[in-house]
There are 2 protein chains.
Amino acid sequence: MGYTPSAVAQSLVTRQTRTIGLVVTSISDPFVDRIVDGVEGLATEAGYSVFLCSSHADPDREMEIVETFHRRRVDGVIVVASRVGRLYGDHLERLRVPIVLVNNQADSDYVYSVSADDEAGARLAVRHLVELGHQRVGYIGCGLRPPSNRRRQAGWQAELEQAGITVDPDWSTVPDTMDDIKNGRLGLGPLLDAGVTAVFCYNDRTAVGVLLAARERDIHVPGELSVVGFDNIAPSWYVAPALTTVHQPRLKMGNRAMQILFDLLAERPVADALLPCRLVVRESTSAPIENE
Amino acid sequence: MGYTPSAVAQSLVTRQTRTIGLVVTSISDPFVDRIVDGVEGLATEAGYSVFLCSSHADPDREMEIVETFHRRRVDGVIVVASRVGRLYGDHLERLRVPIVLVNNQADSDYVYSVSADDEAGARLAVRHLVELGHQRVGYIGCGLRPPSNRRRQAGWQAELEQAGITVDPDWSTVPDTMDDIKNGRLGLGPLLDAGVTAVFCYNDRTAVGVLLAARERDIHVPGELSVVGFDNIAPSWYVAPALTTVHQPRLKMGNRAMQILFDLLAERPVADALLPCRLVVRESTSAPIENE
DNA sequence: TTGTAAGCGTTATCAA
DNA sequence: TTGATAACGCTTACAA
């Protein structure tokens, strides 16, 4: 009837805004998109609106954003790939705004989290390589995301050891540029020198860097080198060769984060979630070449 | 001092929320990401927060979202790739909420727009192909985005005609699946039958579909077929071969949309913006093969 | 300069 | 059941 009630006046009296704040490192990060889809989808369905803001991976910005969200009296906050993590506990027990972290476990009483099982995912990738017959498989990591890098690297190492392979320290490298693709490019040389026949990468973009560097060196993938990524971002299936990768259930992770937030708001009991990954085999892996 | 003033109470009395609503078709659309960055960057800098919501290209959803934003008393709305477009005029002159459309010109008094110059961009692409020596260049369009498709197709045709080439109707096809990549895949066959030596695609994903289909048919790109895309999304430079494409200044478009909204809010005079595109030549184009 | 009161657009409470 | 009224947490206009 030509008139729309003011949600802000309603919020003032009901003391809830039906609004949540979502902070991401960058919207241009292909890893983030489906997670945003996941939280936004559930939120909208429940009549919530979501504020989106990028921290650009700056911890101070991240904190500012959360304070801004609090100032706007959001009912809750979701942070993807937090750079602050467990530090929230201290800072936010005053604010009393429910907060859930995606891919960044933090065992504070005020902070909950949903993450993909990085270590198990990494093991899936390495097991695939080992079963293919690879003995010397390398790892190219990511210096800018220490927690998840650590878990994926640990999974890589554990799976190799379980296969009875002694891991050579030269098989792994953890570059720390801002650019994942560049990391992959940079990382390949040293690993090749160390004699690896396959490389497991921190994420798909790193793997793309490896693909690019391999092409420049005229190394055939997967003939001469197998490579596997992590995340299963959209381009991973249409680069050449299509990437074998570890799928993270990103939409589901977004959904779950939102669900946890709803539970928190309704004061239902909640538990952190650790979601399983899945191996997706495509064209970038095969049995190692037989030499001599 | 351990206390944060409530922005909602402030909003109630100042009658402005310092909030804007941004509606996109989907966050997972690689075209959208940088536009969101552009909007969000300027907004945050100016102390505004942004609500993000996906319409999934459904006009009804889009309208609902705008109404929700209005209910929340956003100061303005930005819609990327609107499916409603000029229809807003009638519906929103009551709401009196400033609205700016990105890539969807609508000449209503209440609706402003910023767009990339699709037609000029298309001509850039085709001119490049013609200068390379191609005489029969095809076009694969997008049935789901009629306005921009029409402009790009018009640019393609105009540029060919200006080069003195008579355009064969069989050189163009406009598939209308939801999936751009599939469109490219589908479109290649008919064009090949019509004898084209180069194809200009509605966007980069369509071009990726062409690349994929060409590989399956063992057609070498660019040796036997040149292909150019549109948008310059991130993957376009790391697919193989790297795509020649038309760059849309998406970050700038986002910035500009936000700037226009600010001008509207300050009651400064504003004008629609039409931003130029730029050709980016990479590896997917070359001179046509000489036959007999 | 400092303080007090009215009002922003709703919901909720409590009389009638 | 209906209808008036206080309160929500601020800004601002005005009085002291």
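Letters A, B, ... mirror the listed sequences (proteins, then strands); counts begin at 1. Fair warning: this is a prediction, and the values are worked out from it, not measured in the lab.
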Legend entry - Passing candidate, side-chain contact (heavy atoms from CB on, under 4.5 Å) with Ile65(B), options Leu22(B), Val23(B), Asp60(B), Leu52(B): Val23(B)
Legend entry - Out of dG9(D), dT11(C), dT12(D), whichever nucleotide has its closest atom nearest the side chain of Thr14(B): dT12(D)
Inset, instruction - Can you figure out which of dG9(D), dG9(C), dT11(D) approaches the side chain of Arg15(A) most closely? - result: dG9(D)
Inset, instruction - State, with a plain yes or no, whether a side-chain heavy atom of Ser148(A) is found less than 4.5 Å away from one of Gln153(A). - result: no
Round to a whole Å and report the spacing from [atom1] of [X] to [atom2] of [N].
X        : N       : atom1 : atom2 : value
Gln10(B) : dC8(D)  : CD    : P     : 17 Å
Arg71(B) : dT10(C) : CZ    : P     : 11 Å
Leu12(A) : dG7(C)  : CG    : P     : 17 Å

Legend entry - Expected output: side-chain Asn104(B) to main-chain Ala81(B) donor-acceptor under 3.5 Å: no
